[in-house]
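Residue numbering restarts at 1 for every chain, and letters A, B, ... go by the order of the sequence lines.
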Number of protein chains: 2
Amino acid sequence: MINSLLAMTKNMHTTVSDIRGHVGEEVELKGWCYNFRSSGKIFFLQFRDGSGTVQVVYSKAELPPDQWDLLDQLRLESSVIVSGVVKAEPRSPSGFELTGTFFQPVQIAEEGYPIGKKEHGPDFLLDHRHLWLRAESQWAVMRVRDRIITSTFEWFHENSFVKFDTPILTPTSCEGTTDLFEMDYFAEEGQAASKAYLAQSGQLYLEAGIMSLGRAFDFGPVFRAEKSKTRRHLTEFWMMDAEAAFVEHEGNMAIQEALICRIVEDVLKHCQAELKVLGRDTAPLQKVKAPFVHLTHKDAIVKLRELGSDIGEMDDLGADDETLLTQQYDKPIFLERYPAVVKAFYMKRDPQDETRVLNNDLLASEGYGEIIGGSQREDDYETLMKRIAEHNLDPKPFDWYLDLRRYGSVPHSGFGYGLERIVAWTCGLHHVRETIPFPRMVNRITP
Amino acid sequence: MINSLLAMTKNMHTTVSDIRGHVGEEVELKGWCYNFRSSGKIFFLQFRDGSGTVQVVYSKAELPPDQWDLLDQLRLESSVIVSGVVKAEPRSPSGFELTGTFFQPVQIAEEGYPIGKKEHGPDFLLDHRHLWLRAESQWAVMRVRDRIITSTFEWFHENSFVKFDTPILTPTSCEGTTDLFEMDYFAEEGQAASKAYLAQSGQLYLEAGIMSLGRAFDFGPVFRAEKSKTRRHLTEFWMMDAEAAFVEHEGNMAIQEALICRIVEDVLKHCQAELKVLGRDTAPLQKVKAPFVHLTHKDAIVKLRELGSDIGEMDDLGADDETLLTQQYDKPIFLERYPAVVKAFYMKRDPQDETRVLNNDLLASEGYGEIIGGSQREDDYETLMKRIAEHNLDPKPFDWYLDLRRYGSVPHSGFGYGLERIVAWTCGLHHVRETIPFPRMVNRITP
């Protein structure tokens with residue numbers, strides 16, 4: 001491949017992911033010492049380079065004595081250059097092993113690498129997030145995250161959605177929520193600084209985008225200044241919002257279903273090694289295929305009460321309710337047509353029941369709960385004005401948004417997914433804090 | 001295609017981008033009226049749907065009278081459903097035209113669509129950004145932007161880089177810069193709120209990422225609270241940062257060159273229609289091929305002085321200097337090995353001249369100037385400590401970053417590109433304000 005980075009950068013070393021094609025050949029690898037043990041005459045080096053992990057077996061009898069002496073000084077997480085002959089090794093997780101022919105440390109790590117093989121508490125690990133990322137489990141999570149992002153981009157582009165980067169700095173709290181981070185923006189001459197708020201969603205801006213582009217998605221960080229400390233919340237997280245013109249409620253769910261199926265299919269196909277590292281049972285993920293379960297909010301309430309929940313008829317579902325419900329099915333669940341009173345002003349009402357909206361949540365299986373929220377949007381100017389009044393919102397900041405209904409309004413729908421929740425689900429993780437490189441929570445903004 | 005959105009959503013209308021395959025057939029399209037004119041007996045409708053633009057020609061003799069009457073009520077930017085028979089039309093920009101058979105308005109736009117065919121000033125257009133996005137020129141820019149993003153993702157994934165989302169909320173000003181947006185973060189119980197700052201670059205975090213993943217990139221919004229009002233600055237813009245282990249200065253530039261060549265090649269290949277809309281002369285872009293020009297900072301200063309600049313020997317280049325320099329070549333220019341005094345503490349010194357660093361800027365051709373900044377990073381612990389002291393920075397917040405040099409340090413390099421500047425260059429735009437959906441500038445945070 002002419003674009004090959006290896007050729008271009010004249011770094012002619014191989015990577016662990018490439019050794020499959022070099023059985024019987026001598027290769028050079030550059031990376032880190034993940035672990036090692038020595039029997040006095042044989043030295044086993046667990047080598048990692050970011051593309052994977054492989055064992056290099058050195059024999060004292062075969063290695064030049066000065067190199068053998070350097071092996072003696074090795075410490076965990078030292079950076080090293082190794083060479084060896086590739087051989088198939090069915091007992092190894094990678095299927096291969098190297099018979100070592102050369103060893104050279106790049107930098108011997110300081111003594112006392114903080115993260116050992118023993119158990120550490122979450123606070124300790126998060127304090128050392130910059131090093132914890134090197135643990136095989138965290139490496140695997142970051143690679144699955146990358147796969148989910150990649151599949152999302154691929155699927156949207158195959159289906160004519162254009163990436164449309166909505167702003168983070170916004171002048172008002174569009175949805176009337178209170179959990180916003182606020183800051184000073186620039187002052188006009190002779191005036192006090194204006195305020196800016198960090199966006200919680202790009203949806204309203206994306207609606208402007210599709211009136212030009214037809215279909216669009218954005219994918220970026222959003223911010224919630226929520227004080228809640230749960231295993232499903234971060235103060236900074238990555239959200240994917242998608243919106244499409246001339247798509248109504250049913251079509252909106254069809255898009256979500258196809259996207260989620262593609263993501264799970266790709267993770268199963270491309271991340272086998274990573275899921276194995278994480279000990280993820282893939283059987284439940286294999287079942288994530290269309291058609292998903294559909295339940296109206298009304299039917300879900302009946303079912304939840306049968307299952308012992310004390311949820312009220314017009315209540316939103318809590319995390320416990322979601323978990324309870326997903327345990328009844330082995331596929332994701334579309335929860336549709338919520339009471340309008342618990343939902344945002346911009347959602348279109350159900351023509352069959354004006355107290356409900358044409359929305360859906362999508363609950364991931366195995367108790368993971370909500371990963372997507374979406375709805376058809378109200379496209380009628382007068383009705384939208386009425387909703388804004390009903391929600392006690394000031395119409396002034398929505399003037400530009402209302403223009404979308406004044407000039408060429410169309411039926412349209414959209415949804416947003418929380419990346420970290422999808423990573424947690426596919427990786428089988430209990431807490432979202434492991435699903436993002438440097439998590440930000442109520443009590444954590446470092447490192 | 002089983003994943004086809006059209007099939008899934010049962011919206012069986014065609015799109016303008018698809019009509020090529022339907023010559024001689026009748027198709028239904030859903031979108032907007034971009035423009036129209038009537039001769040009394042023939043009605044010419046410029047129709048757009050986000051995927052492209054096509055002319056629909058209605059004849060009074062052929063259309064049912066009630067539909068002809070509706071055409072009479074049409075206003076700019078109304079949403080419409082049209083049907084017609086596709087015919088090849090060499091005089092049309094799209095190469096096709098529809099002989100109209102059906103017309104139905106979805107919503108007739110209010111009178112007085114704010115953006116007319118006459119010239120508007122930039123402030124007026126930016127105040128109406130949510131509508132201005134529908135102009136063909138802005139549609140084209142957003143599609144080129146999407147293409148650049150897509151090519152970037154594709155190229156990095158083909159070359160084993162993993163996407164690694166670095167945090168926006170950071171606890172300190174890492175590089176000692178002052179142009180940071182500051183806000184209150186959460187307060188610990190009984191204490192004052194801590195401060196958070198919006199990131200200007202993910203580089204330092206990305207360096208932690210590659211010690212796990214080998215190669216990584218991030219791509220997200222960054223923020224600069226600069227008061228400067230220039231055609232090349234926004235307060236919120238999208239930055240792509242890439243970093244690779246075991247890559248040194250020369251390899252770093254090879255990566256940048258290959259990436260930029262790929263981006264320009266893809267834009268020329270996939271965005272012909274968009275570049276035509278923008279009136280972009282593509283001849284200069286055709287010349288963007290490897291190898292690019294390489295100039296040391298020292299040689300660039302000599303050349304600039306010959307050209308009449310009064311730049312000092314150890315000065316950074318200003319925008320005028322960059323423009324002057326790029327006018328001498330028809331390819332992008334790598335400007336290498338700047339004086340250490342004008343550059344950041346983390347850049348590795350040039351072993352041949354300790355007063356200089358192993359860095360590079362990349363200047364786009366045709367006067368567009370800097371689109372990339374990159375460098376090899378200092379990987380030695382003691383040297384890095386010395387640099388932090390020399391730059392009068394507090395080493396405390398860098399403790400985690402220094403860990404990367406304590407434990408398995410490796411030679412590594414990276415760079416960052418400013419998306420909006422690359423969009424401006426490839427599209428041939430004078431000002432970056434048109435290159436992002438909703439630009440944020442010193443005096444603008446709306447709509």
Side-chain angles (χ1 to χ4, degrees), chain A residues 3 5 8-9 11 30 32 49-51 77-79 106-107 109-110 113 130 133-134 139 146 149-150 153 157 159 162-165 167-169 171 181 183 185-186 196 205 208 211-214 220-221 236 238 246-247 251 254 258 400 403 406-410 437-438 440 442 445-447, chain B residues 3 5 8-9 11 30 32 49-51 77-79 106-107 109-110 113 130 133-134 139 146 149-150 153 157 159 162-165 167-169 171 181 183 185-186 196 205 208 211-214 220-221 236 238 246-247 251 254 258 400 403 406-410 437-438 440 442 445-447:
Chain A
N3 257 343
L5 180 58
M8 283 183 333
T9 60
N11 285 324
K30 296 181 177 183
W32 294 267
D49 70 355
S51 78
E77 286 302 322
S78 296
S79 44
V106 176
Q107 187 242 353
E110 276 185 22
Y113 184 70
H130 55 293
L133 285 165
R134 303 183 188 188
W139 168 88
D146 175 68
I149 295 169
T150 305
F153 271 76
H157 281 127
N159 287 284
V162 171
K163 184 152 197 270
F164 185 82
D165 299 312
I168 304 297
L169 301 177
F181 287 110
M183 41 178 254
Y185 203 62
F186 297 97
Y205 291 100
M211 303 304 160
S212 167
L213 298 159
E236 172 180 341
W238 279 64
F246 295 104
V247 167
W400 69 267
D403 269 356
R406 291 185 183 105
Y407 305 109
S409 189
V410 299
F438 290 89
R440 299 303 186 226
V442 173
I445 192 176
T446 56
Chain B
N3 256 343
L5 180 58
M8 283 184 332
T9 59
N11 284 324
K30 296 181 177 183
W32 295 267
D49 70 356
S51 78
E77 287 301 324
S78 297
S79 44
V106 177
Q107 188 241 353
E110 276 184 21
Y113 184 71
H130 55 292
L133 285 165
R134 304 183 188 189
W139 168 87
D146 174 69
I149 295 169
T150 306
F153 271 76
H157 281 128
N159 287 286
V162 171
K163 184 152 195 268
F164 185 83
D165 298 312
I168 304 297
L169 301 177
F181 286 109
M183 42 178 252
Y185 203 62
F186 297 97
Y205 290 101
M211 303 305 160
S212 167
L213 298 159
E236 171 180 343
W238 278 64
F246 295 105
V247 167
W400 68 268
D403 270 356
R406 291 186 183 104
Y407 305 109
S409 189
V410 299
F438 290 89
R440 299 303 185 227
V442 172
I445 193 177
T446 56

Only counting residues at least two apart or in another chain, list the ones meeting salt bridge (Lys or Arg N to Asp or Glu O under 4.0 Å) with A:Arg440.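 With sequence neighbours excluded, A:Arg440 shows a salt bridge (Lys or Arg N to Asp or Glu O under 4.0 Å) to no residue whatsoever.
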Residue, of B:Thr446, B:Leu213, B:Val410, B:Ile445, that accumulates the most heavy atom pairs under 4.5 Å with chain A: B:Ile445
Hey, could you give me the [atom1]/[atom2] distance between [X] and [Y], rounded to the nearest 0.5 Å?
X: B:Ser78; Y: A:Tyr407; atom1: OG; atom2: OH; result: 11.0 Å
X: A:Met211; Y: B:Glu77; atom1: CE; atom2: CD; result: 10.5 Å
X: B:Phe438; Y: A:Phe164; atom1: CZ; atom2: CZ; result: 5.0 Å

Taking side chain as everything from C-beta outward and backbone as N, CA, C, O, which of these in B:His157 sits under 4.5 Å from a heavy atom of chain A? Side chain, backbone, both or neither. side chain
Can you tell me if [X] uses its side chain to pair, donor with acceptor, with the backbone of [Y] under 3.5 Å?
X: B:Trp32; Y: A:Gly408; result: yes
X: B:Asp146; Y: A:Val162; result: no
X: A:Ser212; Y: B:Leu133; result: yes
X: A:Glu236; Y: B:Pro167; result: no
X: B:Gln107; Y: A:Ser409; result: yes

A:Trp139 portion near chain B, given a 4.5 angstrom heavy-atom threshold: both
With a 4.5 Å cut-off on heavy-atom pairs, point out which of A:Asp49, A:Ile149, A:Asp403 contacts chain B the most. A:Asp403
Let me see the working for A:Phe246 and B:Val106 under side chain to side chain contact (heavy atoms under 4.5 Å, CB included), right down to the final yes or no. CA-CA 10 Å; A:Phe246 295 104; B:Val106 177; 4.1 Å; yes
If you compare all heavy atoms of B:His130 against all heavy atoms of A:Trp400, which two are closest, and at what distance to 0.1 Å?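 Closest heavy-atom pair between B:His130 and A:Trp400: CD2-O, 3.2 Å.
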Applying ring-ring contact (aromatic ring centres under 6.0 Å, His included), name anything that partners A:Phe181, two or more places apart in sequence or on another chain.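 Testing A:Phe181 for ring-ring contact (aromatic ring centres under 6.0 Å, His included), a comparison that skips the adjacent residues, returns B:Tyr185, B:Phe186.
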